[in-house]
There are 2 protein chains.
Amino acid sequence: MTPAAPAYRRLSVEERRSQLLEAALTLFAHRAPEDVSLDEVAEAAGVSRPLVYRYFPGGKQQLYEAALRSAADELEQCFDEPREGPLLIRLSRALDRYLAFVDEHDAGFSALLQGGSVVETSRTGAIVDGVRRAAAEHILSHLRTGEPGPRLRMTVRMWISAVEGASLIWLDDGKRPPARELRDWLVEQFVASLVATAARDEQTAGVVRAALALEPADGPVGALARRVLPVLGDAGHLL
Amino acid sequence: MTPAAPAYRRLSVEERRSQLLEAALTLFAHRAPEDVSLDEVAEAAGVSRPLVYRYFPGGKQQLYEAALRSAADELEQCFDEPREGPLLIRLSRALDRYLAFVDEHDAGFSALLQGGSVVETSRTGAIVDGVRRAAAEHILSHLRTGEPGPRLRMTVRMWISAVEGASLIWLDDGKRPPARELRDWLVEQFVASLVATAARDEQTAGVVRAALALEPADGPVGALARRVLPVLGDAGHLL
């Protein structure tokens with residue numbers, strides 16, 4: 001007979017830290033940070049409160065920031081997509097991962113972005129802003145242009161703001177429409193936004209032309225491309 | 001000979017309160033709230049620190065919230081536009097006022113929306129969210145449709161998020177491009193966003209058609225209308 005497992009499994013420092021962070025992340029994902037206590041984190045991880053303090057001497061604030069940093073890393077990875085296949089399909093895959101993240105961290109995501117929580121500091125603000133910037137850089141790198149100019153850059157960042165706003169409304173509206181429909185709609189908004197900028201900016205016009213050239217005519221974005229192309233045709237001197 | 005004016009002009013309670021708020025607003029507009037002290041507000045208003053406390057017993061926090069409430073009222077009024085003339089001209093005028101506000105309150109606007117300031121609470125978050133909602137209602141009321149459906153509503157709110165994001169980047173980029181160019185670009189983004197949604201939503205398609213029908217062909221948005229109309233033609237079954 002093997003001996004009974006000890007009440008506390010022996011974990012390495014790194015493993016224990018990950019376990020505590022995961023427990024914290026789960027709690028912070030579904031409730032506003034005000035409503036999560038350190039005792040609950042300890043209980044969810046199956047450890048004592050002093051043990052949580054040993055790893056996070058700064059208490060809930062430190063734990064929240066570490067959990068946010070970990071969530072931010074995950075979120076940034078959503079937009080890290082292989083450079084293969086049509087651009088809008090890549091964007092769709094990134095949005096699928098992003099919307100799954102929003103779905104999974106719903107209440108925490110809303111609380112964080114709506115602001116005003118006691119645990120928000122200039123550090124948490126910087127983490128959130130870092131995710132926005134990283135997402136923009138990922139997208140710009142997929143557009144395979146040279147150094148992106150200010151208009152293209154602002155267009156991408158405007159779209160990221162719109163996606164963020166749409167995510168909050170989506171959570172507020174009980175996750176309607178379904179994630180797949182919202183994803184397609186957001187991709188269409190991206191194309192429409194680029195097309196509007198293309199009329200003002202040659203670099204953006206080049207990006208739109210290159211992106212649509214890679215799309216299969218009968219693919220899921222073919223219909224959109226057919227709707228959008230006449231607009232580009234009219235701004236034909238740019239193309 | 002008239003006697004010299006007293007050092008403290010006698011003001012009514014309401015006048016004094018307004019004067020203090022105005023001094024606070026000017027200071028909060030150009031610096032992060034962390035960097036503004038109550039002594040500076042008193043000095044800017046030409047009164048003593050105890051007098052500031054008499055009107056705002058909650059100190060800086062209360063003064064900040066009152067200043068924010070006052071700025072929020074001003075911001076909401078930006079989008080309150082007479083229901084006359086072409087829709088996109090009305091939107092341009094509202095954006096002119098909005099961008100003038102952003103220009104005037106630059107540092108305070110950035111600090112507030114980037115979050116993480118010590119003076120931000122669930123109350124300040126609610127004030128900011130109230131402005132977003134009011135702006136959306138103003139815009140929807142101009143679209144002269146019946147009760148706006150979820151797609152039209154989300155499109156308008158996505159655009160408001162995009163405008164907010166663009167404003168922050170604009171301030172970050174040293175207010176480039178010039179406000180008038182940014183304004184026209186944002187109007188074009190609005191039309192592009194509505195056009196993209198129009199393909200999914202009959203109500204939005206009707207709004208786009210009605211809006212463009214009201215535009216003078218040779219007016220400032222005529223070129224945009226000419227670019228956009230072929231797209232609507234392509235989604236003709238909706239129109």
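Predicted, not measured: the structure shown is a model, and the values here were computed from it. In what follows, chains are A, B, ... by sequence order, proteins preceding strands, each numbered from 1.
- Between B/Arg132 and A/Asp172 there is no salt bridge, since no side-chain N of the basic residue sits under 4.0 Å from a carboxylate O of the acidic one.
- For the options A/Pro177, A/Ala32, A/Ala162, heavy-atom pairs under 4.5 Å to chain B are most numerous at A/Ala162.
- In this structure, chain B has a heavy atom under 4.5 Å from the backbone of A/Arg176, while its side chain stays farther away.
- Contacts between A/Trp159 and chain B at a heavy-atom distance below 4.5 Å are absent for every atom of the residue.
- For the atom pair CZ of A/Arg153 and CD1 of B/Ile169, the computed distance is 10.0 Å after rounding to the nearest 0.5 Å.
- Across all non-hydrogen atoms, the minimal contact from A/Met154 to B/Ala166 is CE-O, 3.8 Å.
- Each of B/Val128, B/Leu113, B/Thr155, B/Leu168 has some count of heavy-atom pairs under 4.5 Å with chain A, and the biggest count is that of B/Thr155.
- Donor-acceptor pairing under 3.5 Å is lacking for the side chains of B/Thr197 and A/Glu188.
- The number of heavy atoms from other shown groups lying within 6.0 Å of CZ (B/Arg180) does not exceed 12.
- Only the side chain of A/Leu182 comes within contact range of chain B, with at least one heavy atom under 4.5 Å from a heavy atom of that chain.
- B/Ala196 and A/Ala192 get closest at one heavy-atom pair: CB-CB, 3.7 Å.
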